[in-house]
Visitor: 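Provided herewith is a single structure, encoded as structure tokens, for subsequent inquiry.
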Amino acid sequence: MDLFKSIAASIADAIPGIEPADLAFAPPPRPEMGDVALRTFDAARKLGCPPPQLAARIAREVGFGPEVLETGVAGPYVNFKLNREVYARRIVASVLEAGDAFGANASGAGQRVLIEHTSINPNASPHVGRARNAMIGDAVVRLLRFEGYDVEVHYYVNDMGRQIGLLVLECPDPEQLSFDQILDIYVKANQRAEAEPEFAARGYELLVKMEEKDPETVEKFHRITDLCLRGQLAVLERIGASYDVFDRESDYLRDARLEQVLAALREKDAVFTDEDDRVVVDLAKLGHERDEGRYFVLMRANGSSMYGCRDLSYTIHKMSLGADLNLIVLGEDHKLYAEQVALILGAAGFATPEPIYYAYITLKEGKMSTRKGTVVLLSDFLDEAESRAAEKVEEQCQDLSPDERREIVKQVAIAAVRFAILRVNPNKNVVFEWESALSFTGDTGPYVQYSCARIASILRKFGDCPETVGDTFPVETAAEWALLMQLASFAGVVAGAVAQRNCAPIAQYALDTARTFTTFYHECPVIAAPTREQQVARAQLCRATRQTLQNALGLLGIAAPERM
RNA sequence: GCCCCGAUAGUUCAGUGGAUAGAACGAGGCCCUCCUAAGGCUUAGACGCAGGUUCGAUUCCUGCUCGGGGCACCA
């Protein structure tokens, strides 16, 4: 919402050499100074005059319409007192009109996006560290869809690893097993492989058979990875993550386009067979300047492919699907690897996805470690969140049916879990602590939901509220004005999030909006407002706030319950 | 050792090349005959260190310190 464009236009019209783009608006430091402030630094530089002089000139010479009641100069700033009623009506009307699309800038219209995220190895249950990938990816998907992009979500199933080979050896009849049992068997198989070289060797033999596409082996690998994937997806579904396409690593074993890559590498003399008969890429020949990560192994001596080799094929495949934007969500431990892949494919003229990196979630004790038993499983995290939410819902919502209560419990638990992770910028490490991650008070998802529930409660009691904004819209208090300005800033926040491919600012915005609403809630009675006109105006402001919060939470994959 | 990220209140996080750097948790003191106290009000409390660029730097650059991640035969 370009709220102050008419003010900017008036200035640009009156003063030659200034364009609206040179004018930056911001809230003044103290509300009594005005409703909005203009900074004149950039425009003054352009005109070659001191900023305070330009500010004075703007206040003196520019005529503004009835929207501006008063201008004041404070050094390099021009402060405007606005006709709040005009702005309030404009803001609320635009929220209610846009509805579920309020805040969207339609920047993605007509564009297709392919994004890969999560892609957990099958032999593990998602833990909160891995879940950060899924939540960040899923939120970016929601954000881009909101902006009008046509998004397809891919999940890469690593069904070719040594760990799957070991599972195949140890699970002759996998259909009889639960996901948890398979995970237990994997841990034991891994231990056995370390203790018995002969057993480990049998695992590698299976990989060779897999490479040769031996039908029986392929069948066995598929059966077990399918079961694992189903187990993983059941957990991921609980936090609302979903995927459109599942790509099997084993389908990218012998991609003809890999030959193009090898040919390009050979031409640049960047591929060689080392003393142990492995096929290796020398990235120094492709412009890689450091020793670190200089060599990239494609094939083992026995001719079987390494993971990276299959990933090259898979990446080519994804890039060939014709999306306008290709994204991949990766842990920061994959940075060097992704650079290597980009360099190799770049040498053959192929592009690579734009990475979205995130840092690790650790524990106070350090890294999460399966062996030390210090991983926090996503399913345990959710279970605990639900049991805490259930306690609260039992005492607060006794008049609701068990089904309705169960639904609220789930929504609150997801809100706590997703918000705790998404509100932190992805490039920051997170130290996981049960108490703060499961908190429902303070800067949390449930706090935002709570303000939504309060709005819903007011509107239930208020009864019929006119659908459209009336001719008059009184704005009596600072709290109302602050809330209006907060709503008006949503689209800008969304645009910033899209540009950064980062949903953390959305979470921050939701929190700020909820807090701003709560101040309004305490200071401005709706149902008991002095005049009917004011009651209706405030009720509509409530509706607009709920719509905005609902949209912001929606981008994070969090529901806005009517009751909680 | 080299490369990539980070460093803001006791703690967990926001934020910005420009007017007085925001929350929350924790600590102290208050508020439910008042639209949901999962709330509010109130007190105390912070830009790692040293240079540089700039009219102006917590923000940009360099160095240092500390923390996280990475560094070919795993996936």
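In the text below, chain A, chain B and the rest are named by the order of the sequence lines, each starting its count at 1. Small disclaimer: the values here were computed from a predicted structure and weren't measured. Keep in mind that the numbers below use all heavy atoms, side chains included, and drop hydrogens, waters and symmetry copies.
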Visitor: By the rule that syn is within 90° of 0, classify the base conformation of rC71(B) as syn or anti.
Guide: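 Anti, which is what one calls it when the glycosidic angle falls more than 90° from 0.
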
Visitor: Quick one: is rC74(B) close enough that its OP1 or OP2 comes under 4.0 Å of any side-chain N or O from Y204(A)?
Guide: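 So the side-chain polar atoms of Y204(A) do come within 4.0 Å of the phosphate oxygens OP1 or OP2 of rC74(B), strictly under.
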
Visitor: Going by purine N1 to pyrimidine N3 plus the second Watson-Crick contact, or the G-U wobble pair, all under 3.5 Å, which nucleotide sits opposite rA57(B)?
Guide: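 rA57(B) is paired with nothing.
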
Visitor: So which of D282(A), V281(A), V279(A) actually passes side chain to side chain contact (heavy atoms under 4.5 Å, CB included) with F272(A)?
Guide: D282(A)

Visitor: My understanding is that a pair needs two contacts under 3.5 Å, Watson-Crick or G-U wobble. By that rule, which nucleotide pairs with rC64(B)?
Guide: rG48(B)

Visitor: Name the pairing partner of rA9(B), where a pair is Watson-Crick or G-U wobble with both distances under 3.5 Å, or state none.
Guide: none

Visitor: Who pairs with Y156(A) by ring-ring contact (aromatic ring centres under 6.0 Å, His included), at least two apart in sequence or on another chain?
Guide: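 ring-ring contact (aromatic ring centres under 6.0 Å, His included) check on Y156(A) returns Y314(A).
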
Visitor: Check nucleotides 37-43 of chain B against the protein and report each pair of N or O atoms closer than 3.5 Å, with its distance, or say if there are none.
Guide:
{"unit_1": "rA37(B)", "atom_1": "OP2", "unit_2": "R454(A)", "atom_2": "NH2", "d": "2.5"}
{"unit_1": "rA38(B)", "atom_1": "OP1", "unit_2": "Y450(A)", "atom_2": "OH", "d": "3.3"}
{"unit_1": "rA38(B)", "atom_1": "OP2", "unit_2": "K392(A)", "atom_2": "NZ", "d": "3.1"}
{"unit_1": "rA38(B)", "atom_1": "OP2", "unit_2": "Q396(A)", "atom_2": "NE2", "d": "3.3"}
{"unit_1": "rG39(B)", "atom_1": "OP1", "unit_2": "G442(A)", "atom_2": "N", "d": "3.1"}
{"unit_1": "rG39(B)", "atom_1": "O2'", "unit_2": "R454(A)", "atom_2": "NH1", "d": "2.9"}
{"unit_1": "rG39(B)", "atom_1": "O2'", "unit_2": "R454(A)", "atom_2": "NH2", "d": "3.2"}
{"unit_1": "rG39(B)", "atom_1": "O2'", "unit_2": "H522(A)", "atom_2": "NE2", "d": "2.9"}
{"unit_1": "rG40(B)", "atom_1": "OP1", "unit_2": "Y447(A)", "atom_2": "OH", "d": "3.0"}
{"unit_1": "rG40(B)", "atom_1": "O4'", "unit_2": "H522(A)", "atom_2": "NE2", "d": "3.1"}

Visitor: Confirm from the modelled atom types if N79(A) and rA19(B) form a donor-acceptor pair under 3.5 Å, side chain to base only.
Guide: yes

Visitor: May I have the distance from L343(A) (atom CG) to rC3(B) (atom P), rounded to whole angstrom?
Guide: 18 Å

Visitor: Please report the distance separating the P of rC71(B) from the corresponding atom of rA9(B), rounded so that it comes out in whole Å.
Guide: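 So the two P atoms sit 32 Å from each other.
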
Visitor: Does F520(A) have any ring-ring contact (aromatic ring centres under 6.0 Å, His included) partners at least two apart in sequence or in another chain, and if so, which?
Guide: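 With neighbours one apart ignored, the set is F517(A).
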
Visitor: Expressed in whole Å, how much space separates the C1' atoms belonging to rG15(B) and rU8(B)?
Guide: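 Comparing C1' positions in rG15(B) and rU8(B) gives a spacing of 10 Å.
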
Visitor: Using the C1' atom as the reference point in each nucleotide, state the distance between rC30(B) and rC49(B) in Å, no decimals.
Guide: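 rC30(B) and rC49(B) have their C1' atoms separated by 42 Å.
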
Visitor: Name the residue closer to the 5' end of RNA chain B, choosing between P27(A) and L459(A) according to the nucleotide with the nearest heavy atom.
Guide: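 Checking each residue's closest nucleotide, the 5'-ward one belongs to P27(A).
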
Visitor: Work out how far the C1' atom of rU12(B) is from that of rG67(B), and round it to whole angstrom.
Guide: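 rU12(B) and rG67(B) have their C1' atoms separated by 16 Å.
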
Visitor: Could you let me know what rA38(B) is paired to, Watson-Crick or G-U wobble, both distances under 3.5 Å, or none if it's on its own?
Guide: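 Paired with no nucleotide.
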
Visitor: Partner of rU33(B) by Watson-Crick or G-U wobble geometry, both contacts under 3.5 Å, or none?
Guide: none

Visitor: For Q540(A), check side-chain hydrogen bond (donor to acceptor under 3.5 Å, both in side chains) against everything at least two apart and list the hits.
Guide: none

Visitor: Pairs under 3.5 angstrom only: tabulate donor-acceptor contacts from the side chains of residues 42-54 of chain A to other protein residues two or more places apart or in another chain.
Guide:
{"unit_1": "K46(A)", "atom_1": "NZ", "unit_2": "E19(A)", "atom_2": "OE2", "d": "3.4"}
{"unit_1": "K46(A)", "atom_1": "NZ", "unit_2": "D22(A)", "atom_2": "OD2", "d": "2.9"}

Visitor: Round to a whole Å and report the spacing from CG of D42(A) to C1' of rG17(B).
Guide: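 Roughly 10 Å, once rounded to whole Å.
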
Visitor: Can you tell me how far C1' in rU53(B) sits from the matching atom in rG68(B), rounded to whole Å?
Guide: 30 Å

Visitor: Could you state the atom-to-atom distance from CG of L229(A) to P of rA75(B) in whole Å?
Guide: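 Nearest whole value for this atom pair: 19 Å.
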
Visitor: Would a 4.5 Å heavy-atom cut-off, applied to side chains only, mark P426(A) and I356(A) as touching?
Guide: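 They are not in side-chain contact.
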
Visitor: Rounding to an integer number of Å, can you tell me how far M33(A) CE sits from rA19(B) P?
Guide: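 Result: 11 Å.
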
Visitor: Does F381(A) form a ring-ring contact (aromatic ring centres under 6.0 Å, His included) with F432(A)? I'd like the steps, not just the answer.
Guide: CA-CA 11 Å; F381(A) 188 18; F432(A) 182 88; 5.0 Å; yes

Visitor: For the pair made of CZ in F41(A) and C1' in rG56(B), what is the distance, rounded to whole Å?
Guide: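 Checked: the CZ to C1' distance equals 8 Å.
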
Visitor: May I ask you to verify if any side-chain N or O of K367(A) is less than 4.0 angstrom from the OP1 or OP2 atom of rG70(B)?
Guide: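 So the side chain of K367(A) is within the cut-off, an N or O lying under 4.0 Å from OP1 or OP2 of rG70(B).
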
Visitor: Quick one: ring-ring contact (aromatic ring centres under 6.0 Å, His included) partners of H154(A), sequence neighbours excluded?
Guide: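 H154(A) satisfies ring-ring contact (aromatic ring centres under 6.0 Å, His included) with no other residue.
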
Visitor: If a pair satisfies salt bridge (charged side-chain N to carboxylate O under 4.0 Å, His left out) and one of its residues is in residues 523-538 of chain A, list it, with sequence neighbours excluded.
Guide: E480(A)-R538(A)

Visitor: Check whether any side-chain N or O of R290(A) sits under 4.0 Å from OP1 or OP2 of rA72(B), and answer yes or no.
Guide: no

Visitor: Searching all strands shown, indicate the nucleotide that pairs with rC2(B) (Watson-Crick or G-U wobble; both distances under 3.5 Å).
Guide: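 Paired with rG70(B).
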
Visitor: Enumerate the residue pairs fulfilling salt bridge (charged side-chain N to carboxylate O under 4.0 Å, His left out) with a member in residues 452-464 of chain A, sequence neighbours excluded, ordered by first and then second residue.
Guide: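 Sorted pair list: R460(A)-E562(A).
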
Visitor: Decide salt bridge (charged side-chain N to carboxylate O under 4.0 Å, His left out) for R192(A) and E170(A); before the verdict, give the C-alpha distance in whole Å, the side-chain angles of both, and the deciding distance to 0.1 Å.
Guide: CA-CA 10 Å; R192(A) 191 177 160 196; E170(A) 293 291 78; 3.1 Å; yes

Visitor: Would you indicate what Y77(A) reaches in the nucleic acid, counting non-hydrogen atoms under 4.0 angstrom: base, sugar-phosphate, or nothing?
Guide: base

Visitor: Can you pull every protein N or O that's under 3.5 Å from an N or O on nucleotides 6-13 of chain B?
Guide:
{"unit_1": "rA7(B)", "atom_1": "OP1", "unit_2": "K428(A)", "atom_2": "NZ", "d": "3.1"}
{"unit_1": "rC13(B)", "atom_1": "OP1", "unit_2": "N429(A)", "atom_2": "O", "d": "3.4"}
{"unit_1": "rC13(B)", "atom_1": "O2'", "unit_2": "R423(A)", "atom_2": "NH1", "d": "3.1"}

Visitor: H288(A) NE2 to rC4(B) C1': how many Å, rounded?
Guide: 12 Å

Visitor: I'd like the C1' distance from rG40(B) over to rC32(B), given in whole Å.
Guide: 11 Å

